[in-house]
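Per chain, numbering begins at 1; letters A, B, ... match sequence-line order. Just so it is clear, the structure is predicted and the values come from calculations on it, not from any experiment.
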Number of protein chains: 2
Amino acid sequence: MTAHYKQVTIVGVGLLGGSLGLALKLAGLAERVRGVGHRQSSLDTARDCGAVDETYLNVSDALAGTDLVVLCTPAAMVPHLLDTIRDKCHPDALVTDVASTKAAICEHAEQTWPKPLRFVGSHPMAGSEKFGAENAYASLYEGSSVLVTPTTHSDANYVARTKTLWESVGANVVEMAPDLHDRLVANTSHVPHIVAACLAELAANSGGAKAVIGNGFRDMTRIAAGRSEIWRDICMTNPQAISTGLNELRKLLDEVRGMIDTGDAAALERFFTEAHKARDRAMRE
Amino acid sequence: MTAHYKQVTIVGVGLLGGSLGLALKLAGLAERVRGVGHRQSSLDTARDCGAVDETYLNVSDALAGTDLVVLCTPAAMVPHLLDTIRDKCHPDALVTDVASTKAAICEHAEQTWPKPLRFVGSHPMAGSEKFGAENAYASLYEGSSVLVTPTTHSDANYVARTKTLWESVGANVVEMAPDLHDRLVANTSHVPHIVAACLAELAANSGGAKAVIGNGFRDMTRIAAGRSEIWRDICMTNPQAISTGLNELRKLLDEVRGMIDTGDAAALERFFTEAHKARDRAMRE
């Protein structure tokens, strides 16, 4: 099943929003794409590269006649946007977002939008250190995973339509509750990102590290090159799960440090063997 | 300047030892390479792939007529090997090793070997998760960094010869004191490895992580797939620097957790901006 939209409104035309516009237009799934942003220069870039047909500085002006709204702004702006558009979207319009944290956003929608909810949260696991519409490309979502996070109040039809949207641009959709989503991404993405940032600090504070830096360090800290405002927002919108994950990590690190301080070779070997298996298990289950 | 050896004895014919044998033989820098190991099957593999010409199960039998000895065993075995070979090597023979930790090994040599020292520690920053002579290849060291760690008692001529050895197989040599070496690799390699292992555990303990695992997690935990006995030995031979590094990391993580728990958006954004700069700085300086 593929989607078809007369008019799509994409709010935030960066890498994710721009790539979605390109993908929908190139596949002939959207007749017209409207881009909304707060800087005309970014909107012009998105239009020039073919990601959107029309540009708007005000979201309220961009909703008339739209049957799909995708909020592609940083996570912290989504609740406010949901307030702004709630009474301005067509009642049949599907509304989704692409933020990396879902519990706060979905809870806000539950508390403020009519039920059954026609807003359904999405989190495409796509993108990289690059950002901006100038880096957008139509195949960004092909083969990627998109997490769709319905709640008990979601309209089942809209959940299905959200899944169809992402499948139409080549993604593999996995459905999970917003709370579980936030806990899992905290432990597999947010905590690792914070750790990468701390490891970069540790290395820089060591002085003369360049000579000893190998591929392991480069791989582990690559994600520390992400955009600080995005990661600030992720921490601000998923604080509890991240704090819990950091605490769990601290316990694990303290255990290893205990083995090192007491010179417990057998425990260290067991720990590294288990970690190797844990990595395989995490990527399999 | 290139090296030339009549006879090289490589103790431990795994990925590093086997690749060194291949590189020296293919470049015509060694007339004969002897391989020493404790399993004949590994030695046979090394001989079959051309890394060594002769195989020995006992290091003492393999030293007569040798002008270069390279100890390619795990770090924990090097001090004992230094004891074994001390009075059996030709007085002019250059002796080096490839262990990832240097302070304990170099200190042992200083305390037990005649001065000026003709043992000079080396740490090639080469290799991967793969191991064994069956994965050896002649170009492993080409373009890699090799850290050479002389002490105040090192024979300057032997330090120069050690550098020439590695440069002859294409490596870039950086000289540094063993203590500084161990502190830098603790902070840029050993601590990151332990963290990767802990992150793999954290993800596996989360349940259902597979759906949300992206490239960031894969990159960050790749090094957790290393060999547990190697990493056990690294922890056992560099405990102080690793423990100090883990403590520094813990302080940094606690700071971030504090920012998250208090919802300090400005501090979080500063932290991520600084970490991005720190990564660039660490890789540049």
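- If you tally non-hydrogen atom pairs under 4.5 Å between each of B/N238, B/N247, B/I230, B/D264 and chain A, the highest count goes to B/N247.
- Residue with the most contacts toward chain A among B/A265, B/G207, B/A76, B/A266: B/A265 (heavy-atom pairs, distance under 4.5 Å).
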Show the numbers, then the answer: is there a side chain to side chain contact (heavy atoms under 4.5 Å, CB included) between B/M220 and B/R222? CA-CA 6 Å; B/M220 279 207 70; B/R222 184 165 296 123; over 6 Å; no

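- Between chain A and the options B/V191, B/T273, B/T221, heavy-atom pairs under 4.5 Å are most frequent for B/T221.
- Scanning residues 177-185 of chain A against chain B with a 4.5 Å heavy-atom cutoff picks out A/R183, A/L184, A/V185, ordered by number.
- Ring geometry for B/F272 against A/W231 counts as tilted: the plane angle lies between 30° and 60°, on a 0 to 90° scale.
- Distance check: A/L249 CG to B/R257 CZ gives 10.5 Å after rounding to the nearest 0.5 Å.
- Note on A/M236, A/K277, A/H193: by heavy-atom pairs under 4.5 Å with chain B, the leading option is A/M236.
- At a 4.5 Å heavy-atom cutoff, the contact between A/L147 and chain B is made by side-chain atoms alone.
- A donor-acceptor contact under 3.5 angstrom links the side chains of B/S122 and B/T96, judged on distance only.
- With respect to the salt-bridge test (charged N to carboxylate O, under 4.0 angstrom), the residues A/D219 and B/R218 do not qualify.
- With respect to chain B, the highest number of heavy-atom pairs below 4.5 Å among A/A197, A/S243, A/A209 belongs to A/S243.
- For the pair B/Y141 (side chain) and B/L16 (backbone), a donor-acceptor distance under 3.5 Å is present.
- With a 4.5 angstrom heavy-atom cutoff, B/I242 touches chain A only via side-chain atoms.
- A distance-only check finds no donor-acceptor pair linking the side chain of B/T101 to the backbone of B/I234 [under 3.5 Å].
- Heavy-atom pairs under 4.5 Å with chain B peak, among A/G208, A/A267, A/G216, A/G214, at A/G208.
- Residue with the most contacts toward chain A among B/C198, B/G263, B/A211, B/A186: B/C198 (heavy-atom pairs, distance under 4.5 Å).
- Interface remark: of the candidates B/S228, B/P239, B/S189, B/S228 forms the most heavy-atom pairs closer than 4.5 Å to chain A.
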Step by step, work out the side chain to side chain donor-acceptor pair (under 3.5 Å) result for B/H108 and B/D83. CA-CA 9 Å; B/H108 185 85; B/D83 294 346; 2.6 Å; yes

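- Looking at A/M176, the atoms closer than 4.5 Å to chain B (heavy atoms on both sides) all sit in the side chain, from C-beta outward.
- Looking at A/E255, there are no atoms closer than 4.5 Å to chain B (heavy atoms on both sides), in backbone or side chain.
- With a threshold of 4.5 angstrom between heavy atoms, B/R281 approaches chain A through side-chain atoms but not through N, CA, C or O.
- No donor-acceptor distance shorter than 3.5 angstrom exists from the side chain of A/S19 to the backbone of A/A138, with no hydrogens or angles considered.
- Interface check for chain B: of the options A/C235, A/G245, A/A196, the most heavy-atom pairs under 4.5 Å are formed by A/C235.
- No side-chain N or O of A/S145 forms a donor-acceptor pair with one of A/N172 less than 3.5 Å apart.
- Evaluation of the side chain to side chain donor-acceptor pair (under 3.5 Å) test over residues 199-217 of chain B, restricted to residues two or more places apart or in two chains, returns A/N187-B/S206.
- The greatest number of non-hydrogen atom pairs below 4.5 Å with chain A, out of B/D280, B/V195, B/D233, is found for B/V195.
- At a threshold of 4.5 Å between non-hydrogen side-chain atoms, the residues B/T151 and B/T149 do not count as touching.
- Contact of B/V174 with chain A is made through the side chain alone, with heavy-atom distances under 4.5 Å.
- For A/R232 and A/E229, the salt-bridge test fails: no basic side-chain N is under 4.0 Å from an acidic carboxylate O.
- Within a 6.0 Å radius of CD in B/Q240, other residues, nucleotides and ligands contribute 12 heavy atoms or fewer.
- The part of B/M125 that comes within reach of chain A is its side chain, from C-beta onward, which places non-hydrogen atoms under 4.5 angstrom from that chain.
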